[in-house]
Amino acid sequence: MVYSVALQFFVVVPGLLQAVLGHPLVSRAPECDRSVLSEAADAYIAAQTAGDVGLLEGVVADGWGYVENNKDTDAQDGVLGKALTIDHRRTNFDLVECATYTEIIVTDPANPYVIGTQIHHDADGRVALIDTVASTTNSWLFDAKKTLEYVLKEDWDPIPEGERDSRELLKATGDAYLDMWSNETAADAVPWGTPCVRLEGSAYTGTGSPNDSCKAGIPSNHNQAPNINRRYVIDESMGSVHIICLWQHMMDAADSHEFRLEGGKLRYVHTMTECGGQRCTL
Ligand SMILES: *[C@@H]1O[C@H](CO)[C@@H](O)[C@H](O)[C@H]1NC(C)=O
Ligand SMILES: *[C@@H]1O[C@H](CO)[C@@H](O)[C@H](O)[C@H]1NC(C)=O
């Protein structure tokens, strides 16, 4: 479990391996302290609001890493160094892997962003890595105002204990979905729900009908490059798996996909895709 984080990042950002391995990850406690994760996620929000990475000082490990849109980045030079007025924020907790996922929407027309951020902690509970996809103007189907409108209509209440899906099902669903571009039979492995809606950038597939389907326009060409270098945050209480990956078949984009399941079935999909500062085009 612990090694998987380090190894995945070895593929994505070789320079980061040293920073991650510099921490005693192998002795990570078997259970993570939710309040420690929560405090770090709140510090991250405070830093993003102020555009001041210094506000993370109390929660980060020495030599912590910052990856923005799949690139090893100096945090203060990245979006984290920009003061943003945050309109929406939701944080999920992975209490097995000691990580959080935070979805952020900023509608300010001068500085619009939709951001998906994974925060990975080390064995001491300190932040070893902030891994973020920051979509903005020119990103795939980008319109922060519309995204906010749709997100606020959805119900992301925690799922009652006893009705939660397993980590294995959540992860397998996310993987099967991301495999659809390169694997002809992967779509059969996705537990499609009804209703189900996709929010891709600002494009919404739902109409509010109980018949809403997520299958509309799913890939019909399965010979595309695979979506690789996947990093996961899984929160059973939210029915959610969040995955950041390299979206090879569209401009080697940085991609964020979050899936919510309810009762074993896919209910919501949220995506953000950033194309290295270029306008995303297929
Ligand atoms: C394609 O997807 C199916 C269903 O998830 C899976 O069983 C199979 O192993 C996948 N094939 C490859 C080559 O990954
Ligand atoms: C949902 O589908 C059923 C069966 O096809 C149909 O009878 C019903 O009118 C549909 N409801 C809506 C709101 O579209």
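Please read these numbers as outputs of a predicted model, since none were measured by experiment. Order of appearance sets the numbers: ligands from 1, and atoms from 1 within every ligand.
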| task | Could you please spell out the steps behind the side chain to side chain contact (heavy atoms under 4.5 Å, CB included) verdict for E154 and Y204? | result | CA-CA 12 Å; E154 296 181 346; Y204 206 56; 2.8 Å; yes
| Among V190, D188, D179, N183, closest by any non-hydrogen atom to atom 1 (C) of ligand 1 | N183
| S209: numbered ligand 2 atoms lying under 4.0 Å from its heavy atoms | 12 (C), 13 (C), 14 (O)
| Can you find a pair of side-chain heavy atoms, one from S166 and one from E236, that are under 4.5 Å apart? | no
| Under 4.0 angstrom from atom 5 (O) of ligand 2, is there any protein heavy atom? | no
| remark: For N211, the atoms of ligand 2 under 4.0 Å from one of its heavy atoms are 1 (C), 2 (O), 3 (C), 8 (C), 10 (C), 11 (N), 12 (C), 14 (O)
| query | Is the shortest distance from a Lys or Arg side-chain nitrogen in R90 or E258 to a carboxylate oxygen in the other one below 4.0 Å? | reply | yes
| salt_bridge(R260, D155) N-O dist < 4.0 Å | no
| Would you call D42-R89 a salt bridge at under 4.0 Å N-O? | yes
| message | What's the separation between atom CG in N69 and atom OG in S256, rounded to the nearest 0.5 Å? | response | 10.0 Å
| said: Can you name the atoms of ligand 1, numbered from 1 with element, that are less than 4.0 Å from a heavy atom of A189? | reply: 4 (C), 5 (O)
| request: Determine, counting only non-hydrogen atoms of the protein, whether one lies under 4.0 angstrom from atom 14 (O) of ligand 2. | output: yes
| So, for atom 8 (C) of ligand 2, does the protein have a heavy atom nearer than 4.0 Å? | yes
| Among protein heavy atoms, which sits nearest to atom 3 (C) of ligand 1, and what does the distance come to when rounded to 0.1 Å? | T185 OG1, 3.4 Å
